[in-house]
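Lettering follows sequence order; numbering is per chain, from 1.
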Amino acid sequence: MNSFPVGPAVDAAPSPLLKNLNPEQLAAVTAAAEPALILAGAGSGKTRVLTTRIAWLLNTGQVSPGGIMAVTFTNKAAKEMLTRLSTMLPFNVRGMWIGTFHGLCNRFLRAHWKQANLPQAFQILDASDTVSAIKRVIKAMKLDEERFVPKQVGWFIAGCKEDAQRPGDVEVRDDQTKTLVEIYANYEDQCQREGVVDFAELMLRSYELLRDNAAIREHYQRRFRHLLVDEFQDTNKLQYAWLKMFAPPGVDNGQSLLAVGDDDQSIYAFRGARVGNMADFEREYRVRKVIKLEQNYRSFGHILDAANELISRNSQRLGKTLRTDAGLGDPIRVQEAPSDFAEAQWLIEEIQGLVRGGLDRQQIAILYRSNAQSRVIESALFNSGIPYRVYGGLRFFERAEVKHALAYLRLLENPNDDTSFLRVVNFPTRGIGAKTLENLQDAAKASGRSLYQSVSAMSGKGGANLLAFTNLIDSTRNLTQGMTLREIIEQVLETSGLADFYRTDKDGAERLENLDELVNAAEAFVMQEGFGKNAVGLPVDEVAESGTPGAVPDAETGEIMSPLVAFLTHASLEAGDNQAQAGQDAVQLMTVHSAKGLEFDAVFITGLEEGLFPHENAMSDHNGLEEERRLMYVAITRARQKLSLSFCQTRMLHGQTRYNVKSRFFDELPEAALKWLTPRNQGFGSGFAREYQQAWDRGSGLKGMVGAGRVEKAAWVEPPVPASMKQKVSNEHGGLRVGKGVFHTKFGEGVLLTLEGVGTDARAQVNFGRHGTKWLALSVAKLTPID
DNA sequence: CCACAGGTTCTTTTT
DNA sequence: GAACCTGTGG
C-alpha cells in the first residue's frame with residue numbers, strides 16, 4: 001500500500017551523483033529498499049552517503065520527497081544535510097522530514113496536539129527550565145533537597161521517560177524510589193497544567209500517540225517509505241522504539257529503514273544511549289548484510305594506526321578497521337609538561353609554529369576531556385594574543401537576560417506557564433517577595449490552578465503588586481496584537497522594564513547588547529522561515545495535509561500560527577550558537593565530546609593523565625573505561641594531518657595541585673606512530689614544576705634534545721633548587737622524594753605524594769594512577785625511586 | 001527586598 | 001578557582 005506514485009525500480013544507473021563513490025559507499029547509497037545497517041567509520045564519508053542516497057532515491061523516482069524521513073541528533077547535522085541536499089536537488093527540500101529526533105517530534109506534536117492532549121501553543125522546557133520546574137515540585141512536597149537533588153531527580157525522570165515508563169509503570173523497590181516516583185507524578189501533573197513539555201516528553205508523547213492511535217500510526221507508515229537514521233549508536237531505548245512505530249520490524253511493506261552508525265564512536269552511554277540498539281536492529285530487522293565503510297578520507301596513516309590500535313583494546317565491538325590511501329604522514333607528537341601551565345605554554349609555541357607554517361587558525365583544535373581544563377589554555381592564548389574560540393559555554397538562548405525576555409514572551413502566549421511566571425514576576429523587582437510568592441503558590445496548589453490564575457485571590461500589598469504584574473502582562477498582550485515579531489519583542493523589552501533595568505545597571509551594557517541581538521535573531525528567524533509556515537517551520541499545507549487523521553489546522557480558520565510561538569519553540573529546541581565571533585579565524589577549543597563529527601588539520605589532545613582522561617569517575621567499571629577509550633578514539637580521529645598529545649606532571653584542579661601519572665592510553669598506542677618530544681620517565685610529578693620551568697627558562701634543563709627524534713637518554717641538568725623550596729627538599733626517605741616517580745613491584749609506576757613518620761612507622765602516599773592512590777608502609781613496601 | 005559572606009560542590013552533553 | 005546556593009544582617 002503506497003499513497004505516493006513511485007517510478008520503476010532503477011538499477012545503479014550511471015549518474016553523476018554516484019561518481020567517485022567507493023564500492024562500499026555505492027552499495028550503501030544504492031541499497032535495496034529493505035532494512036540496512038551501515039557501519040561507518042570516522043571520516044568514511046558518512047554524511048555524503050546519506051545525502052547522496054536521498055538524492056539518488058528521489059532522482060530515480062523511487063520515492064517522492066514526502067516519503068523521506070531523515071533523523072539526526074544535532075541541529076548542526078540536520079542543517080548540514082539540508083544544505084548539501086539543496087545543492088544536489090533541483091527542487092525544494094521542504095517536503096521531506098529532515099531534522100533532529102526532538103525537532104521531528106515537535107513537528108509531529110504540533111500537527112496532532114489535540115490527540116496528544118496538549119495546548120496548541122505548548123512550550124518546550126530546556127534543561128535548566130526542567131530543573132527549576134522539578135525544584136518547585138520538590139519544594140511543594142516539602143521534601144529535603146539534600147536527599148532529592150533536583151538535578152538528579154531530573155535524571156531519574158528522564159531515565160524513566162526514556163524507558164517509556166510513566167509513574168505508574170515504574171517498579172518501586174524502596175522508599176527512595178517511591179518518593180522519586182511521587183515527584184515524577186507531580187511533575188507530570190504540573191507540566192500538563194502549565195502546558196509545557198520537556199525534551200524527553202517530546203519523544204515519549206509522540207511515541208505514545210503513535211503506539212495508541214492506529215490510524216495515525218498507519219498513516220505515517222504508509223507515508224514514509226525511506227527512513228534514514230544518523231549516529232544510530234547514540235539512540236536510546238525510546239528513540240529506537242519511536243523509530244519502530246514509523247517502520248515496524250518484520251513487516252514486509254516495502255519500507256526501508258537505513259541505520260548509519262559507528263559503535264566505536266558511542267560516547268553518550270552515560271546519558272542513556274544504547275550501542276546495543278545496533279545489534280538489536282540487525283537482529284530485529286533481519287538485516288541481510290551489514291555494509292562497512294572502512295576507507296578513511298580524512299587522516300594520514302600514523303593517525304589511523306594509532307586509532308585502530310587503541311580501539312582494538314575494546315572487547316565489545318562490531319569490528320571494523322579504518323584504512324587510508326594517504327601515506328603515513330607526520331608522526332604523532334607527544335609532549336610531557338611539568339605543569340598545566342607549561343603545557344599551555346607549549347601549546348602556544350606549537351600553534352605559533354603551525355600558523356607561521358601557513359595553517360589557518362580555525363584548522364587547529366585543542367581538545368580536552370573536561371571543561372575545567374580550558375581556563376589555563378585560554379589565559380595562555382589570551383596573553384599571547386592568539387584569537388581563540390571556546391565551544392560549549394553558555395549559549396545564546398541560555399543567557400539570563402535572554403531567558404528573562406523569553407519568559408515575558410512566553411507569558412504572552414501562555415500565562416499559565418508557572419516557570420516563566422516565577423522567573424520574571426519580580427525581575428525587575430516589583431516588591432514581590434518570597435513570602436508573597438509562597439502564599440500565591442499555596443493558593444494555586446489548593447485550587448489546582450496556575451499562579452497567574454490565582455493572583456486574583458490574593459489580598460494585601462503583595463496581592464496588589466501581583467495584580468500589577470498580571471495587568472502588565474495582559475496589557476502588553478493587548479498592545480502587541482497585530483505587531484510583527486520584532487515589534488512585539490521590542491515592546492516587551494520596554495514595558496517589562498528589562499531594557500531600563502539593564503540601561504541603569506552598571507554592567508548591563510553587554511546584556512543590553514544581547515537583548516538587541518535577540519531582536520536581530522527574531523528578525524533573522526522570520527526572514528529565514530518566511531510566513532508561509534506556522535509554528536516550528538511546519539509548512540501550512542502540511543499541517544492540514546489531507547489524509548492525516550485528525551491533523552488540526554491552526555485554529556478554526558486555518559490561520560498561520562503566530563510567529564511568536566514558532567520563535568519560542570525555535571529558542572528552546574535550538575539553544576543557538578554560543579559565540580559572536582564565529583567567522584573569525586580563531587583556534588578552536590572544545591571538549592572531546594563536542595568535537596565529535598568535526599575535523600581539523602591539526603589537533604592537540606591535552607591533559608592525557610590518569611584520572612582525567614580516562615576520567616576517574618568512569619574507571620570504576622569496565623564499560624566506563626571502554627567508553628573513555630572510545631572517547632579517545634573520537635579525539636584521535638578528528639585530526640587530518642597533525643596530531644599532538646600532551647600530559648602534565650602537575651595540574652591545578654578544584655583549587656588544589658594534583659600529581660599525575662600519564663594516561664594508560666599511551667601504552668595502547670603503537671610506538672612507531674609516536675614521536676616523544678620529551679624523554680620518557682624524566683621525573684614524574686615534580687612538585688617544583690614551576691621552579692623547574694623557570695630554571696629551564698634560565699638556560700638549564702634538558703640539553704641536546706632540540707631537533708632530535710625520540711630522546712631516550714638526554715642529559716637532565718638539575719636546575720638549582722629555589723631557596724623557598726628547601727624545606728620540601730628535606731622531605732626525603734632513602735632516595736625517595738615527594739613529587740618524584742617511584743616504582744612498586746605490584747602497582748608499577750607512581751608518584752610520591754606524601755612522606756610521613758620515621759623508622760618502622762614511616763609511611764608513603766603514592767598515586768599509582770590506574771591503581772589509585774595508596775598509603776604504604778615503607779618498612780614493608782618495596783619502593784624504588786625512578787631517576 | 002537586597003547585598004554580602006560563607007559553605008559546598010565539582011565529568012562528559014544535545015535536545 | 002569559581003559558580004551556585006543558603007543564611008544573615010541591614
In whole Å, I'd like the distance from the [atom1] atom of [X] to the [atom2] atom of [N].
{"X": "A:Leu109", "N": "B:dT15", "atom1": "CG", "atom2": "P", "answer": "18 Å"}
{"X": "A:Glu398", "N": "C:dA3", "atom1": "CD", "atom2": "P", "answer": "16 Å"}
{"X": "A:His102", "N": "B:dT13", "atom1": "NE2", "atom2": "P", "answer": "17 Å"}
{"X": "A:Arg399", "N": "C:dA3", "atom1": "CZ", "atom2": "P", "answer": "13 Å"}
{"X": "A:Arg630", "N": "B:dT13", "atom1": "CZ", "atom2": "P", "answer": "16 Å"}
{"X": "A:Asn106", "N": "B:dT14", "atom1": "CG", "atom2": "P", "answer": "19 Å"}
{"X": "A:Arg375", "N": "C:dA2", "atom1": "CZ", "atom2": "C1'", "answer": "7 Å"}
{"X": "A:Gln373", "N": "C:dG1", "atom1": "CD", "atom2": "P", "answer": "16 Å"}

At less than 4.0 Å, is any side-chain N or O atom of A:Lys135 found next to OP1 or OP2 of C:dC5? Yes or no. yes
Has A:Arg651 got a side-chain N or O lying under 4.0 Å from the OP1 or OP2 atom of C:dG1? no
Can you tell me how far P in C:dC4 sits from the matching atom in B:dT13, rounded to whole Å? 16 Å
May I ask you to say what [X] touches in the nucleic acid, namely base, sugar-phosphate or nothing, with a heavy-atom cut-off under 4.0 Å?
{"X": "A:Asn75", "answer": "sugar-phosphate"}
{"X": "A:Lys151", "answer": "nothing"}
{"X": "A:Asp198", "answer": "nothing"}

Which label fits [X] and [Y]: parallel for a plane angle under 30°, tilted from 30 to 60°, or perpendicular past 60°?
{"X": "A:Phe427", "Y": "A:His404", "answer": "parallel"}
{"X": "A:Tyr268", "Y": "A:His593", "answer": "tilted"}
{"X": "A:His570", "Y": "A:Phe525", "answer": "tilted"}

5' priority, DNA chain B, between A:Ser572 and A:Asn426 [closest heavy atom]: A:Asn426
Each nucleotide N or O in nucleotides 6-12 of chain B that has a protein N or O under 3.5 Å away: list the pair and distance.
residue	atom	partner	partner atom	Å
B:dT11	O4'	A:His615	NE2	3.3
B:dT12	OP1	A:Asn371	N	3.0
B:dT12	O4'	A:Arg369	NH2	3.1
B:dT12	N1	A:Arg369	NH2	3.4
B:dT12	O2	A:Arg369	NH2	2.2

When you get a sec, tell me which of B:dC2, C:dC5, B:dT14 is the closest nucleotide to the side chain of A:Thr429? B:dC2
Using side chain to side chain contact (heavy atoms under 4.5 Å, CB included) as the criterion, point out the one residue from A:Lys662, A:Glu343, A:Arg658 that pairs with A:Cys648. A:Glu343
Does the ring center of A:Phe122 lie less than 6.0 Å from the ring center of A:Trp113? no
Is the distance between the ring centroids of A:Tyr240 and A:Phe232 under 6.0 Å? yes
Checking understanding here: a glycosidic angle within 90° of 0 is syn, the rest anti, so what is B:dT11? syn
Assess the residue pair A:Arg410 and A:Thr419 against the criterion (side chain to side chain donor-acceptor pair (under 3.5 Å)); give the C-alpha distance rounded to whole Å, side-chain angles, the decisive distance to 0.1 Å, and a yes or no. CA-CA 10 Å; A:Arg410 282 182 174 196; A:Thr419 306; over 6 Å; no
